[in-house]
Amino acid sequence: MKQSLRDRWLTIPHPDPEFQRRGQNILIIGISIIALVLCSLPLAAIQPEPLPPVLTSVIGLFPVIGVLLLARRGLVDWATIGMVALLAVSFAIIPFTTGQIGLMPVYAVVAVVVAAVIGRERHIVFAIAVSVAGMMGQWWALAGQRQFSPSPGEVVAVGVLLTVICGFIASIGTRSVRRAIELATAAQTRAEQLAQQLAQTNRALEDRVAERTAALQAALAESEQRQAALAAALAENERQRREIRTLSVPILAVRDDMLVMPLIGVLDGERLVLAQQRALQAIEQSRAQSLLVDVTGVPLLDQLAADGLIALARSVRLLGARLTLIGVSPEVAQTIVGLGIALGDIRVARDLRDAVRRGASG
């Protein structure tokens with residue numbers, strides 16, 4: 001509770017931390033002055049004429065309170081000027097009330113020290129100027145009056161008081177420096193924590209990148225395996241297609257000098273080229289004299305298929321063999337006649353038995 005109350009009273013509404021520090025010092029010094037004045041009231045009350053010093057002390061509290069209000073509102077520069085001027089003017093006025101200068105000029109250092117604690121360089125210059133002006137005014141105004149040297153007791157009392165005041169102000173400066181060091185240490189600690197958090201985040205990011213990279217490499221290896229499997233499957237498919245094409249154009253030996261090649265399905269350009277290649281290879285290897293091409297399973301014979309069979313017959317003829325077309329259906333025969341296709345060297349037989357019989361009879 002005490003901590004929160006102190007923080008509430010010492011809070012300065014200013015965004016700059018330096019102004020906040022200066023404002024807090026002004027509040028502490030002002031409250032200390034008020035406390036000293038209140039503590040000195042009993043001493044003033046026992047004087048032979050207590051009313052003037054008491055009234056002077058009480059009236060002097062109002063400027064101090066005004067300075068505190070300025071600091072509390074965040075007007076730190078104006079509060080600094082007011083505090084320095086108040087101290088310098090107060091010490092300059094005292095000799096006019098007593099008629100004796102004594103050691104009062106020594107107190108001018110208090111205003112300068114306070115300016116160093118709560119202000120900046122320009123405020124120190126202002127404090128020096130006001131203090132020097134006050135001392136010059138004292139010398140000019142009291143030059144014609146008889147002055148009495150202070151007694152040893154007065155010198156000791158002034159020395160002690162001045163030492164206590166300067167020590168108190170110095171302690172405030174020390175406190176400000178310590179507070180600044182604490183803030184700097186806290187900021188450094190926070191920076192180190194942020195650096196550690198950043199390092200942890202970087203390590204976590206590196207771990208995630210490593211995991212993603214490993215997963216990507218595994219996916220890439222799996223993709224390569226799939227591509228290899230697909231390539232193998234395509235190669236196997238191509239091999240099977242070649243075997244199927246080979247099986248789709250089979251060549252069988254009826255006799256030593258006679259081969260039969262049954263064709264089933266539509267005869268396209270690819271099958272005709274394959275049929276020509278296999279027929280010529282088989283004739284060359286077996287030295288056959290006759291090639292029977294069975295088109296019983298061919299539903300349609302178009303111009304392309306007819307030209308292919310004619311080219312096959314000519315190629316077979318060049319190898320010293322003859323081509324016999326067997327199994328021609330009525331539909332295929334009508335197509336050949338309708339297209340006006342001349343079969344040329346191609347012989348025609350009704351079926352395999354008829355072709356074998358003709359071949360046996362020469």
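Below, each value reflects all heavy atoms present in this structure, side chains not excepted, and no hydrogens, waters or symmetry copies. Since we're looking at a predicted model, the values are computed, not measured.
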What distance do [X] atom [atom1] and [Y] atom [atom2] have between them, rounded to the nearest 0.5 Å?
{"X": "L86", "Y": "I33", "atom1": "CG", "atom2": "CD1", "result": "6.5 Å"}
{"X": "R353", "Y": "R357", "atom1": "CZ", "atom2": "CZ", "result": "10.0 Å"}
{"X": "L323", "Y": "R347", "atom1": "CG", "atom2": "CZ", "result": "9.5 Å"}
{"X": "L36", "Y": "I29", "atom1": "CG", "atom2": "CD1", "result": "11.5 Å"}
{"X": "L304", "Y": "L309", "atom1": "CG", "atom2": "CG", "result": "9.5 Å"}
{"X": "Q227", "Y": "L220", "atom1": "CD", "atom2": "CG", "result": "8.5 Å"}

Trace of the side chain to side chain contact (heavy atoms under 4.5 Å, CB included) decision for L194 with L198 = CA-CA 6 Å; L194 292 177; L198 180 60; over 6 Å; no

inquiry  = Check this for me: D207, atom CG, are more than 12 non-hydrogen atoms of other residues, nucleotides or ligands nearer than 6.0 Å?
reply    = yes

request  = Go through L70 and R73 one step at a time and tell me if the side chain to side chain contact (heavy atoms under 4.5 Å, CB included) criterion holds.
outcome  = CA-CA 5 Å; L70 290 176; R73 294 183 59 183; 5.6 Å; no

Do you know the tightest heavy-atom contact between [X] and [Y]?
{"X": "V293", "Y": "L312", "value": "CG2-CD2, 4.4 Å"}
{"X": "V76", "Y": "I26", "value": "O-CD1, 3.9 Å"}
{"X": "F126", "Y": "V84", "value": "CD2-CG1, 3.9 Å"}
{"X": "L263", "Y": "V298", "value": "O-CG2, 3.6 Å"}
{"X": "L259", "Y": "A288", "value": "CG-CB, 3.8 Å"}
{"X": "D351", "Y": "D354", "value": "OD1-N, 2.8 Å"}

key: E222: salt bridge (Lys or Arg N to Asp or Glu O under 4.0 Å) partners, not counting sequence neighbours   = R226

message = Could you tell me if the side chain of L68 sits less than 4.5 Å from the side chain of I34, heavy atoms only?
response = yes

ask   = For residues 311-328, which residue pairs qualify under side chain to side chain donor-acceptor pair (under 3.5 Å), counting only residues two or more places apart or in two chains?
value = Q276-S315

remark   = In short, side chain to side chain donor-acceptor pair (under 3.5 Å) pairs touching residues 302-312 with sequence neighbours left out are Q303-D307

key: R271 bridged to D268 by N-O distance under 4.0 Å   = no

ILVMFWY cluster, [X] and [Y] together (side-chain gap under 4.5 Å):
{"X": "V328", "Y": "V337", "value": "no"}
{"X": "L38", "Y": "L27", "value": "yes"}
{"X": "F62", "Y": "V64", "value": "yes"}
{"X": "L69", "Y": "W78", "value": "no"}
{"X": "L272", "Y": "I283", "value": "yes"}

message = Exactly one of I251, L352, L291, V356 should register a side chain to side chain contact (heavy atoms under 4.5 Å, CB included) with V260. Which one does?
response = L352

task = Take Q277 and V273, measure what side chain to side chain contact (heavy atoms under 4.5 Å, CB included) needs, and give me the verdict at the end.
result = CA-CA 6 Å; Q277 293 175 353; V273 172; 3.7 Å; yes

message = Using the rule given for side chain to side chain contact (heavy atoms under 4.5 Å, CB included), can you reason through E284 versus Q281, listing the C-alpha separation, both sets of side-chain angles and the distance that settles it, and then say yes or no?
response = CA-CA 5 Å; E284 183 181 5; Q281 291 175 359; 5.6 Å; no

